[in-house]
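These notes are about the structure you will find just below.
Chain naming here is simple, since letters A, B, ... match the order of the sequence lines and numbering starts at 1 in each.
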There are 2 protein chains.
Amino acid sequence: MNAEIIAVGSELLLGQIANTNAQFISEQLALLGVNVYFHTVCGDNEGRLLEAVRHAESRADLLIFTGGLGPTRDDLTKETVAHALNRQLITDQQAMDSILDFFQKTGRVMTENNKKQALVIENSTVLPNRHGMAPGMIAEENGRLYLLMPGVPSEMKPMFLDFARGYLTRRNNEHIQSRVLRFFGIGESMLETKLLDLIDAQSNPTIAPLAKESEVTLRLTAKHPQKEMAIQMLDQAEEKIKIRVGSYLYGYNEESLPEVVFRLLTAKKQTIAFAESLTGGMAADWLTAFPGASAVLKGGIVCYTNEVKAAVLGVPEPILNEEGAVSASCAQQMARLVREKCGTSIGVSFTGVAGPDKSEGKEVGTVFIGISDKQQTKSFRFSFSGTRSKIRIQSAKTGYDLVRRQLSDLPLHVKD
Amino acid sequence: MNAEIIAVGSELLLGQIANTNAQFISEQLALLGVNVYFHTVCGDNEGRLLEAVRHAESRADLLIFTGGLGPTRDDLTKETVAHALNRQLITDQQAMDSILDFFQKTGRVMTENNKKQALVIENSTVLPNRHGMAPGMIAEENGRLYLLMPGVPSEMKPMFLDFARGYLTRRNNEHIQSRVLRFFGIGESMLETKLLDLIDAQSNPTIAPLAKESEVTLRLTAKHPQKEMAIQMLDQAEEKIKIRVGSYLYGYNEESLPEVVFRLLTAKKQTIAFAESLTGGMAADWLTAFPGASAVLKGGIVCYTNEVKAAVLGVPEPILNEEGAVSASCAQQMARLVREKCGTSIGVSFTGVAGPDKSEGKEVGTVFIGISDKQQTKSFRFSFSGTRSKIRIQSAKTGYDLVRRQLSDLPLHVKD
């Protein structure tokens, strides 16, 4: 199956946003064994979109559209595809109900143009939109598939994963099995060096490293006519990798470090609280993202100024005045105090210099992370680099990795 | 002048990277008044690339290529364009010198294939690459321009800004001026309905709505031979829009709501603290992102459980037990208490049901936001919809919008 991805939206041609939808869909199609030969971006213009559809039909048998399904006049993807297929647009009652429901729930007044969102191409399979109003759809004609999805990534991605992917898999018989191993605390080049002979020797499964956002991933991809065999090939490759760098491996596929820590805390019936200076609430926020977070996260204190560190958290003034807020003692006090105040089994603290300027004479990137439980309170010093945002994120992730190591009985601090 | 941007590289079609080059170039071309009607992405395949060139020639008079200028076999952009133009590739001595120089300086051994990078299309203008080895080039044929640049963004961007932009400006006389107006608290369809006559009547400037992440933007775009006149046309259109929906307008272009609130707090010398239940630290985190945040953000309390609401923040037990944590009284207490504890001029609180399950018998999406200053403490009830993540983000943004309205002397709560 050969696919072409057509993104519709003048905002793309004006450079206001990048076409990240095409990246996501391409990545997903690669996993399904579908070839992508072209991406096309075209504006909110019926004539030019129709031209793009005709051209794509000449070279692809799966046409995937993103964008142009909304309520306004410049949204015209389904109108144009319906025209190309010589079909009508009809109202989908389920979509209409969920639009009416949305306006009723939120108490907003529904304007007439919203009804346009419930129109779908006749004889198409409607794909529900759980995160917005405009449904997606798949139409078939002469063995060619036309998949239409919204342009908002937070609506398009779940629609693809929950509905479109299954539809495509059923039409496709090659088994490509992929697994992403996620590492924290080890650099890409170090990981590659430790696994070089494995990476070079393997062609099935392939092993591909990728660094992003202070983490490294390895994507293992195996091909086999039988799914079970492909999975077994991945298991074997993973075992070999684990022997060498297993303690850095925190999770799989789309799992995040906070998700893994959330699961560990839940499984071990532990509770946690954060005292956050430079991370400013980020660490607590990450855990709050999970349903049921209240079973493990009790709360936290954002102590961005020394005033709040002393008055709300109770860090002794001599520590702040003599050793400074960016110090091992302060990090330890913060971790211990937030644990006691919130009544949790674990307390984690973050204090450091996010930049762009030095603070207390300490270099940008100097960060102390404290971790405290009933047995002991420790802190570790780190020197991170990069932008303010990168230093803050790296700090929060490192705090999570310390908790992961603690709960998994791994050594807390590892240097390569 | 109509442009088409053709990105060459199989890594794009595999979804390993997003086509951010097209975004950058489109943004730059918009500033130059060049229309972009299509983006195309095509793999490292000569036949398909040639097809893309031929097709682009049929609809554009400026073809911009990124990628495929490197030393390896799968780099074939200039070979293909030379073929399309029926021209030869010749060695550019300056490029060759800088390649040799690079290897001498770095002490690396030059492999033979690197010489390929010094080949350029005959009779083209060579664009130096100050950040890499492969030069760019511009060829003209039948009034059509072919601009070839490297795919690595850190090489392409300076090449465009330092060399290609000047070349294009000299051939182009129109000025396009764009401005994005950013709104919060009003839906896309409602905004369009209120401005429908303006949107329909205007062709220069054009007014285009776009919804994303619980916000709506309007993009105004004016064309005029003189830049100052284009700006004046935007000013006039903005004034008309402000009369109708001005109180929802919070910022311009890439500004975010937290950024606007950070600026307002700084300008008015106000300080803020957050008491966060369902947002779990997100609101404080957003403000911490800005350098100098400590001048306005003192801290906050993440009170995810009732225990912490009572013990750390001091919300009276009867409120929690009788009215519940998700109540107007609790929101008001939280906002007032966090302001007092952290010693700030403003306190903002968030409490609600993020889902996926009901809580205290209250529906998912029920959120109370409190805001407190020395004069008074208020709270507002909202019914948000969508995923847990969407409800949490919408809550935090709404809290920021309340602060923006308070600091701008606008009515705090508006219903459409």
Side-chain angles (χ1 to χ4, degrees), chain A residues 10-15 17-20 22-24 26-27 30 36-43 48 55 70-72 74 102 105-109 111 113-114 131 152 280-282 284-285 287-289 291 293-294 297-305 307-308 312 341-343 356 388-389, chain B residues 12-15 17-20 22-24 26-27 30 36-43 48 55 178 187-190 192-193 208-212 280-282 284-285 288-289 291 293-294 297-305 307-308 312 341-343 356 383 385-390 416:
Chain A
S10 299
E11 66 278 12
L12 288 157
L13 296 179
L14 284 162
I17 53 172
N19 188 9
T20 55
Q23 181 186 10
F24 173 83
S26 296
E27 213 175 354
V36 180
Y37 286 149
F38 291 97
H39 295 172
T40 298
V41 177
C42 143
R48 285 192 287 272
H55 198 61
T72 64
D74 60 0
F102 171 85
K105 262 196 195 150
T106 57
R108 284 184 169 178
V109 178
T111 52
N113 52 5
N114 278 291
H131 306 279
V152 179
M282 184 188 284
D285 176 37
L287 210 50
T288 324
S294 59
L297 173 74
K298 291 213 177 173
I301 292 172
V302 178
C303 45
Y304 204 61
T305 54
E307 226 174 308
V308 174
V312 183
K341 283 217 178 278
C342 294
R388 181 176 171 88
S389 162
Chain B
L12 290 156
L13 296 179
L14 284 164
I17 54 171
N19 189 8
T20 54
Q23 180 186 12
F24 173 83
S26 296
E27 215 175 355
V36 180
Y37 287 149
F38 291 97
H39 295 171
T40 298
V41 176
C42 144
R48 284 193 287 273
H55 198 62
S178 246
E188 184 186 16
S189 51
M190 177 58 76
E192 193 187 70
T193 303
L210 181 70
K212 46 181 170 183
M282 184 189 284
D285 176 38
T288 324
S294 59
L297 173 73
K298 291 213 180 174
I301 292 172
V302 177
C303 44
Y304 204 61
T305 54
E307 228 174 305
V308 173
V312 182
K341 284 217 175 275
C342 294
S383 295
S385 64
T387 57
R388 180 176 172 87
S389 161
K390 208 170 160 187
D416 271 304

Can you measure from CD (B/Glu307) to NZ (A/Lys298) and round to the nearest 0.5 angstrom? 3.5 Å
From A/Arg108 CZ over to B/Ser385 OG, what is the distance, rounded to the nearest 0.5 angstrom? 8.5 Å
Considering all heavy atoms, the nearest B/Ser294-A/Tyr304 contact: N-CE2, 3.4 Å
Quick one: of B/Gly300, B/Ala18, B/Ala211, B/Gly299, who has the most non-hydrogen atom pairs under 4.5 Å with chain A? B/Gly300
If we define contacts as heavy-atom pairs under 4.5 Å, which of A/Thr40, A/Asp74, A/Thr111, A/Leu12 has the most with chain B? A/Thr111
Closest heavy-atom contact between B/Gly281 and A/Asp285? C-CB, 4.0 Å
Taking side chain as everything from C-beta outward and backbone as N, CA, C, O, which of these in A/Phe102 sits under 4.5 Å from a heavy atom of chain B? Side chain, backbone, both or neither. side chain
Among B/Arg48, B/Glu192, B/Glu27, the residue with the most heavy-atom pairs under 4.5 Å to chain A is B/Arg48
Show the nearest heavy-atom pair for residues A/Arg388 and B/Ala293, with the distance to one decimal. NH2-CB, 4.3 Å
Quick one: are B/Met282 and A/Thr288 in side-chain contact, heavy atoms under 4.5 Å? no
Correct closest heavy-atom pair for B/Phe38 and A/Cys42 would be CE2-CB, 3.8 Å
Residue among B/Leu13, B/Ile17, B/Val36, B/Thr193 with most heavy-atom pairs under 4.5 Å to chain A: B/Leu13
Select one option (side chain, backbone, both, neither) describing which atoms of B/Lys341 are under 4.5 Å from chain A's heavy atoms. both
Contact leader toward chain A among B/Pro356, B/Ala284, B/Ala289, B/Ser178, where contacts are heavy-atom pairs under 4.5 Å: B/Ala289
Can you tell me how far apart CG (A/Leu14) and CD (B/Gln23) are? Round to the nearest 0.5 Å. 11.0 Å
Contact origin within A/Val308 toward chain B - heavy atom pairs under 4.5 Å: side chain
Are the side chains of A/His55 and B/His55 in contact, using a 4.5 Å heavy-atom criterion? yes
Evaluate the side-chain proximity of A/Cys342 to B/Val312: yes if any heavy-atom separation is below 4.5 Å, no if none is. yes
In short, A/Thr72 meets B/Glu188 closest at the heavy-atom pair CG2-OE2, 3.6 Å
Under a 4.5 Å heavy-atom cut-off, does chain A meet the side chain of B/Leu297, its backbone, both or neither? both
Drop me the distance from B/His39's NE2 to A/Asn19's CG, to the nearest 0.5 angstrom. 8.5 Å
